[in-house]
Novice: 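My questions will all concern the structure given below.
FYI, side chains are in, hydrogens and waters are out, and symmetry mates aren't considered; it's all heavy atoms of this structure. Here the structure is a predicted model, which is why all the values come from computation and not from measurement.
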Amino acid sequence: MRFATLKDGSLDGRLVLVSSNGLRAVDAAPIAASLLAAVQNWDAVEPVLRERAAALEAGTATGIFAFDPAACSAPLPRSPQWLDASAFLNHGRLMERAFNTPPIPHFDTIPVMYQGASDDFLGPCDDVPLPSEADGIDFEGEFGVVCGPVPMGVKAEAALNCVRLVVQINDWSLRALGPHEMKTGFGFLQAKPSTSFAPLAVTPDELGDAWQGGRVHLRLHVDSNGKWFGHPHGGEMNFSFGQLIAHAARTRRLTAGTIIGSGTVSNQARDAGSACLAERRVIEILDKGAAKTPFMHYGDSVRMQARWPDGRDGPFGVVHQRVVAPSTEVR
């Protein structure tokens, strides 16, 4: 199944099911008022949702309409919890060099993870207002999972059974603010503004062979201002989503709707490019002695899309966003 949430002025939006070709949709609200409600009541609603999804594919469902990704919010406009890891060790090691931070103990064996804001996620086509270009505006292409209820102390193998949906993420970062917050020992706050999501959240079976070992085995194609930036492969994730879920739940249970991110998709092969500006900049420093790629300015854009191995559009749809100056309006 493929889910999207249409903006309707409410906090949780209007839940729809989307066809496999991404062209058609049908309301799912009669079954679950929102995607969060669906995940929280998964055992009861999944069979009914699958029936409606099958009717959509067959063209027999009532109320089918054309699907418009531009009308979407994030699949989950808000969630109980958003946890982001750094599961691609190549990226983590490069960031250590970029910010001249000491090596993290046990970095190769224990996942690192922070807790981000989960109350105001951005949709795939939303402009991204940020306070200052001087903050080092950066995009970060990732994959993630939406969990059902997770018991405390779950093992990694069992944790994969808690995955309900897989998502594609653009985790915005303000690089100039990160080093200070890391040194405080309290983790990120201002350096991590609202996170963005591709329009579709999909059940793992939609990925077929691309869902293996708790990893998304697809390339994430990234364009910056209309130019190729990278296409790193999700299969190089060093920690699986099962391991990440188990790490997050080691000392507490996780409620249904918790989202866990992979961290920036990153490959050792240089010809794969990058999924964030900071990584390219540190590679330039290592290879050429100085960073040449700037961070983002107002008006700059980024486009991200996972694709199937044969080059077809992937299952999550497209994130295509522009950075803008903040509005003076007080909300």
Side-chain angles (χ1 to χ4, degrees), residues 22 69-70 72 86-95 97-98 122-128 130 133 136-144 166-175 195-200 207 210 215-238 261-324:
C72 290
S86 183
F88 292 85
L89 297 185
N90 182 65
H91 174 75
R93 293 303 187 205
L94 287 171
M95 290 304 96
R97 295 187 182 189
L122 300 177
C125 303
D126 291 347
D127 283 345
V128 182
L130 292 169
E133 293 178 334
I137 302 168
D138 198 357
F139 52 80
E140 291 191 62
E142 309 186 11
F143 296 111
V166 187
V167 293
Q168 179 190 307
I169 298 168
N170 182 10
D171 182 43
W172 292 96
S173 289
L174 301 177
R175 299 298 188 183
T195 302
S196 306
F197 289 77
L200 301 176
L207 298 179
R215 296 167 173 85
V216 178
H217 288 258
L218 295 174
R219 290 195 178 277
L220 184 58
H221 291 254
V222 180
D223 293 343
S224 176
N225 289 328
K227 296 181 180 180
W228 178 88
F229 196 83
H231 57 241
H233 196 279
E236 284 195 25
M237 190 172 164
N238 296 86
S262 66
T264 305
V265 181
S266 180
N267 293 173
Q268 288 188 344
R270 294 286 176 85
D271 60 3
S274 298
C276 76
L277 292 164
E279 185 171 300
R280 175 179 279 193
R281 285 170 57 86
V282 74
I283 291 172
E284 290 171 343
I285 292 170
L286 294 173
D287 291 352
K288 303 173 184 178
K292 297 183 178 181
T293 300
F295 289 116
M296 298 183 79
H297 299 286
Y298 295 145
D300 286 350
S301 65
V302 63
R303 186 183 191 277
M304 300 179 180
Q305 181 185 34
R307 294 181 187 162
W308 299 110
D310 61 6
R312 290 179 298 125
D313 293 347
F316 308 107
V318 177
V319 171
H320 195 179
Q321 296 183 287
R322 182 181 58 147
V323 173
V324 298

Novice: Can you give me the closest heavy-atom contact between G230 and P232, atom names plus distance?
Specialist: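 Nearest heavy atoms, G230 then P232: C-CD, 3.5 Å.
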Novice: Measure the SG-CZ distance between C125 and R322 for me, rounded to the nearest 0.5 Å.
Specialist: 12.0 Å
Novice: Closer than 3.5 angstrom, by distance alone: can the side chain of N267 be matched with the main-chain N or O of A269 as a donor-acceptor pair?
Specialist: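 Checking the backbone N and O of A269 against the side chain of N267, no donor-acceptor pair under 3.5 Å is found.
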Novice: Give, for atom CG of L286 and atom CZ of R270, the distance between the pair rounded to the nearest 0.5 Å.
Specialist: 6.5 Å
Novice: Is any side-chain heavy atom of R175 closer than 4.5 Å to one of L277?
Specialist: no
Novice: Any side-chain to backbone donor/acceptor pair from R215 onto N238? Under 3.5 Å, distance only.
Specialist: yes
Novice: Heavy-atom distance under 4.5 Å between the side chains of S266 and E236, does that happen here?
Specialist: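 When only atoms from C-beta onward are counted, E236 and S266 do not touch, as no gap falls below 4.5 Å.
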Novice: Which heavy-atom pair separates F316 from L207 by the least distance, and what is that distance?
Specialist: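 That would be CZ-CD2, 3.9 Å.
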Novice: Would you indicate whether the side-chain heavy atoms of R307 and R219 approach each other to under 4.5 Å?
Specialist: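 Not touching, per the 4.5 Å side-chain cut-off.
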Novice: Taking the side chain from Q321 and the backbone from D126, do they hold a donor-acceptor pair closer than 3.5 Å?
Specialist: yes
Novice: Checking the side chain of E140 only, and the main-chain atoms of S173 only, is there a donor and an acceptor separated by less than 3.5 Å?
Specialist: no
Novice: Donor-acceptor pair, distance only, cut-off 3.5 Å: does the side chain of D138 make one with the backbone of L174?
Specialist: no
Novice: What closest approach, in Å, do A210 and W308 show between heavy atoms, and which atom pair accounts for it?
Specialist: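 Looking at all heavy atoms of both residues, the closest pair is CB-CZ3, 4.0 Å.
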Novice: So which of E284, E279, R281 actually passes side chain to side chain donor-acceptor pair (under 3.5 Å) with T293?
Specialist: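 Exactly one pass, corresponding to E284.
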Novice: Does F295 reach the side chain of D300, with side-chain heavy atoms less than 4.5 Å apart?
Specialist: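 A side-chain contact is absent here, since even the closest heavy-atom pair is not under 4.5 Å.
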Novice: Which pair of heavy atoms, one from L200 and one from P315, lies closest together, and at what distance?
Specialist: CD1-O, 3.3 Å
Novice: Within a strict 4.5 Å, meaning less than it, do heavy atoms of the V128 and V324 side chains meet?
Specialist: no
Novice: Got a second to check how far M296's CE is from N225's CG, nearest 0.5 Å?
Specialist: 6.0 Å
Novice: Sequence neighbours left out, what passes ring-ring contact (aromatic ring centres under 6.0 Å, His included) with H231? Give chain and number order.
Specialist: H221, W228
Novice: Should Y298 and V323 count as side-chain neighbours, where that means a heavy-atom distance under 4.5 Å?
Specialist: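 Yes; the side chains approach each other to less than 4.5 Å.
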Novice: In terms of ring plane angle, is the pair W172 and F139 parallel, tilted or perpendicular, where the classes change at 30° and 60°?
Specialist: perpendicular
Novice: Measure the CG-OG1 distance between L122 and T195 for me, rounded to the nearest 0.5 Å.
Specialist: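 It comes to 8.0 Å.
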Novice: Check C72 against P124 and note the closest heavy-atom contact, atom names and distance.
Specialist: O-CD, 3.5 Å
Novice: Quick check: do F197 and V319 have side-chain heavy atoms less than 4.5 Å from each other?
Specialist: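 They are not in contact (no side-chain heavy atoms under 4.5 Å apart), so the answer is no.
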Novice: Looking at NE2 of H320 and OG of S196, how far apart are the two atoms once the value is rounded to the nearest 0.5 Å?
Specialist: 12.5 Å
Novice: State, yes or no, whether a side-chain contact exists between F88 and V265 at a heavy-atom distance under 4.5 Å.
Specialist: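 F88 reaches V265 side chain to side chain.
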Novice: Rounded to the nearest 0.5 Å, what separates atom NE2 in H217 from atom CE in M237?
Specialist: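 Nearest 0.5 Å value for the NE2-CE distance: 9.5 Å.
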